[in-house]
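One structure is given here, and the rest of the page talks about it.
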Amino acid sequence: MTPQDHARAAADLLQAEATGQQIGLLSLRHPDMGMDDAYAIQNAIYEQKLAQGRKVIGWKIGLTSKAMQYALNIDIPDSGILFDDMLFDNGSTVPKGRFIQPRIEAEIAFVMKSAIGGSDITRDEVIAATDYVAPSIEILDTRILRADPETGRTRSVHDTISDNAANAGIVLGAERHAVDAFDLRWVGALTFRNDEIEETGLGAGVLNDPVESVVWLARRMAQYGQQIEPGQVILSGSFIRPIECPPETRIHADFGTFGSVDIAFG
């Protein structure tokens with residue numbers, strides 16, 4: 001793909017977000033697209049968002065569980081960017097029509113107190129740079145069709161990464177914990193939709209340790225000349241399958257002694 005192709009794809013995705021009208025699979029439009037192309041499109045979206053006055057508040061990590069990697073036939077995680085207009089208050093309601101096909105995932109969020117970056121970042125360095133961890137919900141959306149109506153072909157990981165790793169929103173629970181206050185591998189969540197339990201999972205589903213997910217992110221960002229900045233929120237990856245959230249959905253994620261998170265959809 002050329003830089004012009006990247007810019008066109010980014011413009012199409014931004015238009016889809018603004019209008020609520022999904023676009024076709026980029027991987028069909030550009031059969032030769034690769035991982036670098038996908039991140040170049042994501043970066044073009046990032047540049048446009050900054051030009052519109054948005055601010056980066058953090059990063060999300062996706063495809064950290066084996067179940068999701070198998071589903072997309074990929075063996076590495078991906079990442080996306082969190083912007084300031086994606087943050088929703090715990091217990092609030094997402095306005096009707098804000099998203100196209102929203103889904104949610106339960107995750108452990110890391111909030112950083114110091115910058116961290118480099119291709120040789122270690123687990124201990126991530127722990128030292130973490131201010132606190134908190135329960136969280138990530139809201140997903142897709143500005144690209146999940147499947148092509150003519151061929152039945154589903155989105156590839158390159159489509160998802162181009163679409164800012166399908167990120168759309170973040171909700172943080174009220175609780176704040178030192179990063180070493182819990183064994184994060186054993187922090188789990190019971191996730192309810194309209195008072196019925198839908199999914200359960202444990203932090204160990206995220207690369208066997210959510211801290212290792214942040215290590216992966218810092219190392220990947222170093223490949224693109226980026227680093228995690230102080231105050232940024234890192235969504236370390238979901239340990240449940242995505243839950244569909246049509247209108248009038250209420251979500252409650254119960255993390256036990258770790259806390260809880262609530263969000264509703266109008």
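Note that the coordinates shown come from a computational prediction; the quantities given were computed from them, not determined experimentally. Sequential numbering from 1 along the given sequence is applied to the chain's residues.
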Would you find a donor on one side and an acceptor on the other, under 3.5 Å apart, between the side chain of Gln22 and the backbone of Thr142? yes
Closest non-hydrogen contact found for Asn167 with Glu138 is OD1-OE2, 3.0 Å
Charged N to carboxylate O under 4.0 angstrom, Arg146 versus Glu244? yes
I need the Leu217 CG to Ile121 CD1 distance, nearest 0.5 Å. 11.0 Å
Pair Gln15, Arg143: side-chain N/O donor-acceptor within cut-off below 3.5 Å: no
Closest approach of Ile197 and Phe192, non-hydrogen atoms and distance? N-CD2, 3.5 Å
So, for Ala44 and His6, which heavy atoms are closest and what is the spacing to 0.1 Å? CB-O, 4.4 Å
If only atom types and distance count, is the side chain of Glu17 paired as donor or acceptor with the main-chain N or O of Phe99 below 3.5 Å? no
Gap between atom CZ of Phe239 and atom CG of Leu184 - 0.5 Å precision: 10.0 Å
Would you say Thr160 and Asp163 are linked by a side-chain donor-acceptor pair, where the criterion is simply a distance under 3.5 Å? no
With heavy-atom distances below 4.5 Å as the criterion, would you say the side chains of Ile137 and Ile170 are in contact? no
Report whether Leu14 and Val56 are members of the same hydrophobic cluster (ILVMFWY, side-chain heavy atoms less than 4.5 Å apart, transitive linking). no
Check whether Asp78 reaches the backbone of Ala165 with its side chain - one donor and one acceptor, N or O, closer than 3.5 Å. no
Could you check whether any side-chain N or O of Gln42 sits under 3.5 Å from a backbone N or O of Ser162, counting only pairs where one atom can act as donor and the other as acceptor? no
Side-chain (Arg153) to main-chain (Glu150) donor-acceptor, under 3.5 angstrom: no
Flag side-chain contact, heavy atom, 4.5 Å: Ile251 against Cys245: yes
Within the 3.5 Å criterion, strictly below it, is a donor on Ser79 or Arg220 matched to an acceptor on the partner's side chain? yes
Between Glu105 and Ile243, is any pair of side-chain heavy atoms under 4.5 Å apart? no
Taking only residues two or more places apart in sequence, or in another chain, which ones meet Glu47 in a side chain to side chain contact (heavy atoms under 4.5 Å, CB included)? Asn43
Is the shortest distance from a Lys or Arg side-chain nitrogen in Asp209 or Arg123 to a carboxylate oxygen in the other one below 4.0 Å? yes
Is there side-chain contact between Leu28 and Thr151, with heavy atoms separated by less than 4.5 Å? yes
Flag if over 12 foreign heavy atoms under 6.0 Å of CD, Gln52: yes
Are Trp186 and Phe110 connected into the same hydrophobic cluster when the rule is that any two of I, L, V, M, F, W, Y join if their side-chain heavy atoms are below 4.5 Å apart? no
Matching residue for Arg29 among Asp5, Asp37, Asp159, Asp12 - test: salt bridge (charged side-chain N to carboxylate O under 4.0 Å, His left out): Asp12
Could you tell me if the side chain of Leu145 sits less than 4.5 Å from the side chain of Arg155, heavy atoms only? no
Residues which pass salt bridge (Lys or Arg N to Asp or Glu O under 4.0 Å) with Asp195, listed by chain and number, not counting sequence neighbours: Arg250
Tell me whether Asp141 contacts the main-chain N or O of Ile100 through its side chain, where contact means a donor paired with an acceptor under 3.5 Å. yes
Rounded to the nearest 0.5 Å, how far does CE of Met1 lie from NE2 of His30? 4.0 Å
Taking only residues two or more places apart in sequence or in another chain, which ones pass side chain to side chain contact (heavy atoms under 4.5 Å, CB included) with Ser92? Phe88, Asp89, Ile263
Drop me the distance from Leu26's CG to Arg8's CZ, to the nearest 0.5 angstrom. 10.0 Å
Any chance you could measure Leu87, atom CG, to Leu172, atom CG, to the nearest 0.5 Å? 6.0 Å
Correct closest heavy-atom pair for Phe258 and Ala134 would be CE2-C, 3.5 Å
Kindly indicate whether the side chain of Met86, heavy atoms from C-beta on, has any atom under 4.5 Å from the side chain of Ile57. no
Backbone of Glu229 reached by a side-chain donor or acceptor of Gln232 within 3.5 Å: yes
Have a look at Ile108 and tell me which of Val214, Leu235, Val187, Ile234 forms a side-chain contact (heavy atoms from CB on, under 4.5 Å) with it. Val187
Is there a chain of hydrophobic side chains (I, L, V, M, F, W, Y, each step under 4.5 Å between heavy atoms) that links Phe83 to Leu13? no
So which atom in Ser236 and which in Val206 form the shortest heavy-atom distance, rounded to 0.1 Å? O-CG1, 3.2 Å
Taking Glu107 for the side chain and Gly237 for the main chain, is one N or O donor matched with an acceptor at less than 3.5 Å? yes
For Asn90 against Ala174, the heavy-atom pair lying closest together: ND2-N, 4.0 Å
Counting distance only, does the side-chain N/O of Asn164 pair as donor-acceptor with the main-chain N or O of Ile81 below 3.5 Å? yes
Below 30° counts as parallel, above 60° as perpendicular, anything between as tilted: where do the rings of His177 and Phe182 land? perpendicular
Is there a continuous path of hydrophobic side-chain contacts, each under 4.5 Å between heavy atoms, that joins Tyr224 to Ile45? no
Measuring from atom CH2 of Trp216 to atom CD1 of Ile61, what distance do you get when rounded to the nearest 0.5 angstrom? 7.0 Å
Give a yes or no on whether the backbone of Gly256 and the side-chain of Asp254 come within a donor-acceptor separation of less than 3.5 Å. yes
